[in-house]
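To keep things clear, I will list the structure first and then write my remarks on it.
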Protein chains: 2
Amino acid sequence: MPRKLSTLDPQRLDNQICFAVYSAAHAFNRVYKPLLDRLGLTYPQYLVMLVLWERDDVPVKDIGEKLFLDSGTLTPLLKRLEAAHLVKRTRSSEDERQVLIALTSQGHALKEKARSVPPSILAASDCSVSELVSMKDEIVALRDRLNAAIGD
Amino acid sequence: MPRKLSTLDPQRLDNQICFAVYSAAHAFNRVYKPLLDRLGLTYPQYLVMLVLWERDDVPVKDIGEKLFLDSGTLTPLLKRLEAAHLVKRTRSSEDERQVLIALTSQGHALKEKARSVPPSILAASDCSVSELVSMKDEIVALRDRLNAAIGD
DNA sequence: TCACATTTAATTGTTCGCAATTGAATATGG
DNA sequence: CCATATTCAATTGCGAACAATTAAATGTGA
């Protein structure tokens, strides 16, 4: 039984994996929003905090490499986190080009308040952990192949 | 054999499907950029054009529902497409609240030039069509569950 | 050593993305 | 028929995201 023609048309919106990823990212953002509002964070700010909760006192460049973001995005974002008293920004003394980002005590403390976020997301995705893990692994593999293709 | 503790920590960046989706969306965007530059479109503008190539003379609201975007995003974007002579914006005569978006002849013509975009994306993803289709279906299902969870 | 390249953040300008509000047009209930 | 509610697009304000440029610090080779 042949598929409908429309399910094969590569120029159709609903056949494009990129739109699926794009719209899923926005859907995630809308689920995160009310949870992060209570922490006073936006989603990209939350990502930066996740990086810092794993390793503190990190140069801006390292944060950028982990999150695939550049200084044009991170510099103003980090200034907002500093204004919110969650991080400190200090020039490295060994290499004056680098700016090191360190958590304040409030920044450290926020990690505990943020513990309830992942379980809420899990509930909203209405999906088993193992399914989510395997989807995540597939998406990461695709992302890495795309990033590899950019270098050419 | 037990997993490492870090692979179970839900507060770790690399364990979060949302970050996988977020970073994959940006990776797609970077792959699309040089392709769309030749068409004079940004990625969100390309999405609007995909909608219009499927059905012309559509109210802003319908475009927003297809793309999960609101008028705050679409109104200025559509004005840019109009300035680029790709669409026309006209108030509906039956319902003066609605603004109908119609393709110009240039807008129609651009569809042919855009035919080469999906194959280039496929090549960059370095993945079989059937794998991409099943990933897309899983991601769409997740997105729809997330969007359903927002209503509560 | 010194000219030159590279690295690192910051800056500028454009475009998304969304919350909140506004104002006009339309629909609805009494 | 009329007051009220709803719908739709536009607007405003803020925070990403990124390209392109700048400036300062550091590395490198002749």
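Here the structure is a predicted model, which means the values were calculated and not measured. Every chain is numbered from 1, with letters handed out A, B, ... down the list of sequences. Only heavy atoms go into these numbers, but all of them, side chains included; no hydrogens, no water, no symmetry mates.
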| Does B/R55 come within less than 4.0 Å of B/D62, counting only side-chain N to carboxylate O? | yes
| said: Any carboxylate oxygen within less than 4.0 angstrom of a Lys/Arg side-chain nitrogen, looking at B/E82 and B/K88? | reply: no
Tell me: [atom1] of [X] to [atom2] of [N], nearest whole Å?
| X | N | atom1 | atom2 | answer |
| --- | --- | --- | --- | --- |
| A/F19 | C/dG17 | CZ | P | 11 Å |
| B/D37 | D/dC18 | CG | C1' | 12 Å |
| A/H26 | C/dG17 | NE2 | P | 4 Å |
| A/L74 | D/dA17 | CG | P | 9 Å |
| A/I101 | C/dT8 | CD1 | C1' | 12 Å |
| B/L100 | D/dA9 | CG | C1' | 12 Å |
| B/R30 | D/dA19 | CZ | P | 8 Å |
| A/K61 | C/dA10 | NZ | P | 14 Å |

Phosphate OP1/OP2 of [N] contacted by [X] side-chain N/O (<4.0 Å):
| X | N | value |
| --- | --- | --- |
| B/R91 | D/dA9 | no |
| B/K79 | D/dA9 | no |
| A/Y43 | C/dG17 | no |
| B/T75 | D/dA10 | yes |
| A/R89 | C/dA10 | yes |
| A/T73 | D/dA16 | no |

| query | With a non-hydrogen cut-off below 4.0 angstrom, is B/P59 in contact with a base, only sugar-phosphate, or nothing? | reply |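 If one applies the 4.0 Å heavy-atom cut-off, B/P59 turns out to touch the sugar-phosphate alone, with no base involved.
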Nearest to the side chain of [X] - [options]?
| X | options | answer |
| --- | --- | --- |
| B/V60 | C/dA9, D/dA9, D/dA16 | D/dA9 |
| B/P44 | C/dA25, C/dG17, C/dA19 | C/dG17 |
| A/Q98 | C/dT11, D/dA10, C/dT8 | C/dT8 |
| A/R97 | D/dA17, C/dT6, D/dT6 | C/dT6 |

| said: I'd like to check A/V133 versus B/N15 (side-chain heavy atoms, cut-off strictly below 4.5 Å). Are they in contact? | reply: no
| request: By nearest nucleotide on DNA chain D, pick out whichever of A/D95 and A/R80 is the more 5' one. | output: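 By nearest-heavy-atom nucleotide position, the 5'-most residue is A/R80.
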| note | The residue, A/D62 or A/Y22, whose nearest nucleotide of DNA chain C is more 5′ is A/D62
| request: Nearest-nucleotide wise, let me know which of A/K33 and B/Q45 is further upstream toward the 5' end of DNA chain C. | output: B/Q45
| message | Between D/dA16 and A/T42, counting only base atoms on the nucleotide and side-chain atoms on the residue, is there a donor-acceptor pair under 3.5 Å? | response |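 Answer no: no donor N or O sits under 3.5 Å from an acceptor.
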| message | Applying ring-ring contact (aromatic ring centres under 6.0 Å, His included) to A/Y32 and A/Y46, what does each step give before you reach the verdict? | response | CA-CA 10 Å; A/Y32 270 100; A/Y46 173 68; 5.8 Å; yes
| task | Compute whether any side-chain donor of one residue and acceptor of the other, for A/Q11 and B/R115, lie under 3.5 angstrom apart. | result | yes
| field | Aromatic plane relationship, A/F19 with B/F68 - under 30° parallel, 30 to 60° tilted, over 60° perpendicular | value | parallel
